[in-house]
Trainee: 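Could you have a look at this structure, given as structure tokens, before my questions?
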Amino acid sequence: KFLSQIFKQLFIFPVRVYQYVISPLTPGSCRHEPTCSNYTVEAIKEWGALKGTWMGLEDLANATLGDRVATTLFLRKTASINSDQPNIQG
């Protein structure tokens with residue numbers, strides 16, 4: 001568990017550097033909510049360093065190409081918490 005948290009923080013750190021150092025220097029042009037960097041941080045926290053990073057990179061690629069991924073981390077969380085609702089597959 002401790003080692004997992006260390007890896008998560010190591011993978012989140014470069015995203016935070018982007019958010020606080022690089023992103024403010026570029027024009028705000030993202031039209032998606034959550035942004036790719038926010039989505040990546042949440043995915044890493046929820047799914048772990050490797051899978052969360054992969055999900056964030058997929059989201060970035062899809063958003064950049066104009067085909068936003070329909071399933072989000074938040075919908076998956078909600079579906080897994082509410083057992084009376086069917087699971088969202090995607």
Side-chain angles (χ1 to χ4, degrees):
K1 180 97 178 163
F2 176 73
L3 193 56
S4 173
Q5 291 300 321
I6 296 284
F7 277 116
K8 287 179 185 180
Q9 292 306 314
L10 285 174
F11 279 71
I12 289 173
F13 180 73
V15 178
R16 294 292 189 204
V17 168
Y18 167 77
Q19 288 178 325
Y20 294 113
V21 177
I22 299 169
S23 183
L25 301 175
T26 62
S29 60
C30 183
R31 63 182 186 270
H32 300 291
E33 184 61 36
T35 63
C36 292
S37 58
N38 288 334
Y39 177 85
T40 301
V41 169
E42 290 301 316
I44 291 170
K45 287 179 180 178
E46 177 71 21
W47 299 99
L50 295 179
K51 184 174 181 179
T53 300
W54 182 255
M55 291 171 70
L57 290 172
E58 284 182 324
D59 192 57
L60 177 62
N62 287 329
T64 303
L65 298 173
D67 183 25
R68 183 71 171 191
V69 176
T71 58
T72 65
L73 177 68
F74 303 108
L75 289 176
R76 288 183 183 182
K77 255 188 186 176
T78 305
S80 66
I81 292 172
N82 298 328
S83 60
D84 59 331
Q85 295 179 357
N87 285 336
I88 297 173
Q89 299 293 323

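What you are looking at is a predicted structure, and each value in this text was computed from that prediction instead of being measured.
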Trainee: In terms of hydrophobic clusters joined by side-chain contacts under 4.5 Å, are Val41 and Leu50 together?
Mentor: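 Both belong to a single hydrophobic cluster.
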
Trainee: Rounded to the nearest 0.5 Å, what's the gap from CD1 on Ile44 to OH on Tyr39? Could you check?
Mentor: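 It is 11.0 Å, given to the nearest 0.5 Å.
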
Trainee: List the atom pairs, with distances to 0.1 Å, where a side-chain N or O of residues 2-16 and a protein N or O form a donor-acceptor pair under 3.5 Å, not counting sequence neighbours.
Mentor:
residue : atom : partner : partner atom : Å
Lys8    : NZ   : Lys45   : O            : 3.1
Arg16   : NH1  : Gln19   : OE1          : 2.8

Trainee: Hey, what do you get for OG1 (Thr35) to OH (Tyr18), rounding to the nearest 0.5 Å?
Mentor: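 It comes to 8.0 Å.
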
Trainee: State, to 0.1 Å, how close Pro34 and Asn38 come at their nearest heavy-atom pair, and which atoms those are.
Mentor: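 That would be CB-CB, 4.1 Å.
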
Trainee: Distance check, rounded to the nearest 0.5 Å: Leu60 atom CG versus Glu58 atom CD?
Mentor: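 Reported to 0.5 Å precision, the distance equals 11.0 Å.
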
